[in-house]
Amino acid sequence: MTTDTHLSTPAPSITRSAAARLIAAVHLAAAEIGFDAAVAVTDVGGHLKAFERPDETPFLASEVAVDKAWTAASFRLATHVWNDYVSGPQVAPLAYHPRLMAVGGGFPIVENGRCIGGLGISGGTAEQDRQAAEIALTATGFDSAE
C-alpha cells in the first residue's frame, strides 16, 4: 500500500510570455529560411495558448499548425516521426484521427525534461517547418528538440 496522500500532480505549462518569445523566434527563423509561418503554441493539455499567422500565410496553415502543436503535446513526440509510426499495422488506425498531424513542424516543448506544451509551425515545406521549430526552441532555451 502506498503512503502517498496526493491525488493529483501539478501540471507544468508554458507561460504566455514564453509562448510569445517562442513565436517571435519562429518568425525570425522562418524569415531567415525564406518562408512565412503560422505558429501555434499549446499548453501541456493541447489547448491553444498562443497563435499567430502573417497576412500572406495560407489560411489552411493555421489549422495545420494548431494540429501539429496538439499532436506534439499529446504524445510528447515530434510530428515528423509519425509517418513511420502510422505505417505499422498496429498504429495505422491512428492516421485517421482528425487531429493527428504526421507532418514535420510539430515538437513538444520541453523544459527540464518535462513537457510543458506543443509547438506547431506550418507555411513552408515539412523540412522548413521542422528546421524553424528546432532553431526557435534552441534560441529560446528549451530542451533539445530531438
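Quick caveat, the model's predicted, so the values are computed rather than measured. Hydrogens, waters and symmetry mates play no part in the numbers below; they use all other heavy atoms, side chains included. Along the sequence shown, residues carry numbers from 1.
- Summarising the geometry of Ala73 relative to Cys115, their closest heavy-atom pair is O-SG, 4.3 Å, with the distance given to 0.1 Å.
- Residues Phe75 and Val110 are members of separate hydrophobic clusters, defined by side-chain heavy-atom contacts under 4.5 angstrom among Ile, Leu, Val, Met, Phe, Trp and Tyr.
- By the 4.5 Å heavy-atom criterion applied to side chains, Ser13 and Ile116 are not counted as neighbours.
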Side-chain donor/acceptor pairs under 3.5 Å, residues 43-53, sequence neighbours excluded:
unit_1	atom_1	unit_2	atom_2	d
Asp43	OD1	Gly45	N	2.9
Asp43	OD1	Gly46	N	3.1
Asp43	OD1	His47	N	2.9
Lys49	NZ	Ile14	O	3.4
Glu52	OE2	His27	NE2	3.1
Arg53	NE	Ser62	OG	3.1
Arg53	NH1	Thr57	O	2.6

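- Contact record, Ala38 with Ala65: O-CB, 3.6 Å, taken as the closest heavy-atom pair.
- When side chains are defined from C-beta on, Trp82 does not count as touching Met101, because their heavy atoms never get closer than 4.5 Å.
- Both Phe107 and Ile23 are members of a single hydrophobic cluster when ILVMFWY side chains are connected at heavy-atom separations under 4.5 Å.
- Val66 and Val39 are assigned to two separate hydrophobic clusters, defined by single-linkage of ILVMFWY side chains at heavy-atom distances under 4.5 Å.
- For the pair Thr42 (side chain) and Trp70 (backbone), a donor-acceptor distance under 3.5 Å is absent.
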Kindly indicate, with the supporting measurements, whether the criterion side chain to side chain contact (heavy atoms under 4.5 Å, CB included) is fulfilled by Ile135 and Val26. CA-CA 8 Å; Ile135 291 167; Val26 168; over 6 Å; no

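- A donor-acceptor pair under 3.5 Å is absent between the side-chain atoms of Thr140 and the main chain of Leu22, judged by distance alone.
- Sequence neighbours left out, not one pair with a member in residues 100-117 passes side chain to side chain donor-acceptor pair (under 3.5 Å).
- The structure places CD of Gln131 at 8.0 Å from CZ of Phe35, a figure rounded to the nearest 0.5 Å.
- Side-chain contact between Val103 and His80: absent, with no pair of heavy atoms (C-beta onward) separated by less than 4.5 Å.
- Contact detail for Asp129 and Ser122: the closest heavy-atom pair is OD2-CA, 3.4 Å.
- Using a 4.5 Å cut-off on side-chain heavy atoms (C-beta onward), Ile121 and Lys68 make no contact.
- Nearest heavy-atom pair across Ala69 and Gly120 is CB-N, 3.4 Å.
- A donor-acceptor contact shorter than 3.5 Å links the side chain of Ser74 to the backbone of Thr71.
- Residues Thr79 and Gly105 come closest through the heavy atom pair OG1-N, 3.5 Å.
- Contact between Pro108 and Ala78 at its shortest, heavy atoms only, is CD-N, 3.7 Å.
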